[in-house]
Amino acid sequence: MQQQDSRRHIPRTDTLLALPEVAGARSRVAGHVIMSVIRSAQERARAGEISPEEVEAVVVAELAAATTSTQTPVLNATGVVVHTNLGRAPLSPVAVEALILAAGYVDVELDLDTGTRSKRGRGTRAALLAACPAAEEALAVNNGAAALVLATTTLAAGREVVISRGELIEIGAGFRLPDLIASTGARLREVGTTNRTHLHDYAAAIGPDTGCILKVHPSNFRVTGFTSGVSVRELSALSAEHGVPLVVDLGSGLLAPDPVLPDEPDAATTLADGADVITASGDKLLGGPQAGIVLGRAQTVLSMARHPLARAVRMDKLALAALEATLSGPRPPVTDYLHADPARLRERTEALAAAVGGTVVDHDGRVGGGGAPGVPLHACAVRLPEAAARPLRLGSPAVLPRVHDGATLIDLRCVPEADDHHLLQAVRTALRGL
Ligand SMILES: *Cc1c(COP(=O)(O)O)cnc(C)c1O
């Protein structure tokens, strides 16, 4: 009886909607979000979880915290530069700016001079060609997998793709390149063995049914020991001899050699060595948005651009803008983190350790994102109790540390220096709760 009485005191929906804080929330969240916050607070009052008097405060507090995205920004304290679970490459400030400008109406496919339709992504194409002069033509598509699918579909649908058995890789989360290529209607003509493939293996496989030769950079693992592969230069001679295009899937997206990663192939060298086309990801070592980069001979790239499938894998205007800005602007965070000054990293790490009472240990970061496997990025980390990891992840800001060997490790390589004080607060809060 008493409960029924109190239910009568649950604020009515129109009363709650009239609250200034609720009305004000309309500028940030949709009406249906506001209604569901109100209904859930009323439900909880009916169920006796909160008192009718608390409903108003609960609605106001939940709406104040309501956001339109469930994606939470995370400080990456893992030391893994291209962290797939954290969205790979963080964009550079100029790329973020370009992305915001592109969010409105933009002349992505319009010539403002004549007022007629123009070529989509022309600025991005020009930026790619400027960044990689070894290429005659450039095309950007949705992601690296799309670039590869477009290449094999255009060059080898219904025909054979000659590929080494040592390069039939899985790129993550169960996605296998051989399956991806087979899904385009091309047949895989596997040559060699897992550890050794020779030029004569390729030569023996090439015939009238060959659509292209494909070389894939096995970016996320290394075969060591009794191994041999065939270089791009050797393959390009073979491909020229038989008039068969050579496609090289680089994966990670370095446009030029990087001394920090001596074994990571780059677009300029691969094209100079004679590849007809390279494919790569925009959000790995290139440090840009998700994108598939295609660079190479004009005839081959243009035939890909004209294929009907190109329309299904085209890039959106936001990513086009962000990619162009990444290529034309100062070096992106990924490159900065890769080249972080070890002395400065140690200073910052020691300062954090001193402030929170942790110890400094040696720690190797990684390139990540399936790039440069086995290349350690020597640095250091703050060592904390293992139990600190969960409160750090759930804190504000959220911090993702590395959990290893019964400890929580905080590697500052991929934390912007401007965020050091946020990180310090987050670590203090997490440790206080232990
Ligand atoms: C990452 C990768 C891909 C896929 O690129 P996405 O941009 O993730 O679609 C393809 N090939 C190689 C060698 C890769 O490393």
Side-chain angles (χ1 to χ4, degrees), residues 76 78-95 124 127-135 138 140-148 169 171-172 177 215-222 232 248-273 275 277-296 315 319 322-340 364-379 411 413-414 416:
N76 174 8
T78 60
V80 179
V81 179
V82 180
H83 199 299
T84 302
N85 300 148
L86 294 180
R88 290 193 179 161
L91 294 181
S92 58
V94 289
T124 310
L128 277 167
L129 291 175
C132 185
V141 294
N142 193 38
N143 60 13
L148 182 59
I169 63 168
I171 52 178
L177 284 193
K215 186 168 174 62
V216 177
H217 175 52
S219 43
N220 52 6
F221 71 100
R222 247 189 199 172
V232 172
V248 180
D249 179 20
L250 292 178
S252 76
L254 274 189
L255 295 183
D258 188 325
V260 174
L261 305 169
D263 295 330
E264 192 66 22
D266 66 279
T269 308
T270 307
L271 291 173
D273 282 350
V277 156
I278 66 95
T279 62
S281 291
D283 53 356
K284 292 183 183 169
L285 288 176
L286 194 59
Q290 177 184 304
I293 311 293
V294 180
L295 292 162
M315 250 174 118
L323 179 58
E324 181 181 354
T326 302
L327 292 161
S328 310
R331 65 184 205 177
V334 159
T335 316
D336 277 343
Y337 299 159
L338 206 56
H339 295 259
D364 288 343
R366 296 266 171 235
V367 172
V375 176
L377 304 173
H378 297 302
D411 186 318
R413 176 180 297 278
C414 309

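Atoms considered below: every heavy atom in the structure, side chains included; atoms not considered: hydrogens, waters and symmetry mates. Since this is a predicted model, take the numbers as computed values, not measurements.
Residue N85 holds its CG atom at 9.5 Å from OG1 of T78, rounded to the nearest 0.5 Å. Here the CG atom belonging to D266 is positioned 9.0 Å from the CD1 atom belonging to I278, to the nearest 0.5 angstrom. How far CG of L250 is from NZ of K215: 10.5 Å, rounded to the nearest 0.5 Å. To the nearest 0.5 Å, atom CG of residue L255 and atom OG1 of residue T269 are 10.5 Å apart. One distance of note links CD1 of I293 with CG of L327; it measures 6.5 Å at 0.5 Å rounding. To the nearest 0.5 Å, the span separating CD on E264 from CG on L285 amounts to 5.5 Å.
Considering all non-hydrogen atoms of both residues, V232 and A275 come closest at CG1-N, 4.0 Å. Minimum interatomic distance between V80 and N76 (heavy atoms only, all atoms of both residues): O-ND2, 2.9 Å. Residues A146 and N143 approach most closely at N-OD1, 2.8 Å, considering heavy atoms. Across all non-hydrogen atoms, the minimal contact from V260 to V375 is O-CG1, 4.2 Å. Closest approach of L286 and G282 over heavy atoms only: CB-O, 3.5 Å. The nearest pair of heavy atoms linking A147 to V294 is CB-CG2, 3.7 Å.
The main-chain N or O of G368 is never found under 3.5 Å from a side-chain atom of R88 such that the two would form a donor-acceptor pair.
At a threshold of 4.5 Å between non-hydrogen side-chain atoms, the residues R331 and D336 count as touching. By the 4.5 Å heavy-atom criterion applied to side chains, P416 and Y337 are counted as neighbours.
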Inset, instruction - In sequence, state the C-alpha distance, the side-chain angles, and the governing distance for D273 and V248, and then conclude on side chain to side chain contact (heavy atoms under 4.5 Å, CB included). - result: CA-CA 11 Å; D273 282 350; V248 180; over 6 Å; no

